[in-house]
Amino acid sequence: MTPVRSEQDRDLAERAVEVYRTRLKALLEPCHNGSQVAIHVPDEDFEVAPTAAEAVTRLKKRHPNSVFVLLEVGRPLMEWPWINENAPVGKP
């Protein structure tokens, strides 16, 4: 995972944060606080898991060549969310 660096990354991250705030926050908090959520921004698809690797692995099954934004559920949203570029594939 790499931090947001380019304007394109910033735009993707900002869109993911908006998806989280408007759609996912009410669904995930507080039951999944501390878990990781991977978000596929174009279609607002997401996966929640205890680890980032697990969330990304599940989401990669549906979006194999995509980029995801990772956030921690229940934690104040960071100004620079992390964007997954070539996340390691873990166990589903």
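Everything numeric here is computed off the predicted structure, so don't read it as measured data. In what follows, residues are counted from 1 in the order of the sequence shown.
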Nearest heavy-atom pair of Val69 and Ala13: which atoms, and what distance? CG2-CA, 4.3 Å
Arg15: partners by side chain to side chain donor-acceptor pair (under 3.5 Å), with sequence neighbours left out: none
How long is the gap from CG on Leu12 to CD on Glu14, to the nearest 0.5 Å? 10.0 Å
Residues 23-38 side chain polar contacts: donor-acceptor under 3.5 Å, at least two apart:
unit_1	atom_1	unit_2	atom_2	d
Arg23	NH1	Glu44	O	2.5
Glu29	OE2	Tyr20	OH	2.6
Glu29	OE2	Gly74	N	3.3
Ser35	OG	His32	O	3.2

Would you say Arg62's side chain and Phe46's backbone share a donor-acceptor pair under 3.5 angstrom? yes
With sequence neighbours left out, write down each residue that passes side chain to side chain contact (heavy atoms under 4.5 Å, CB included) with Asp43, or none if nothing qualifies. His40, Asp45, His63
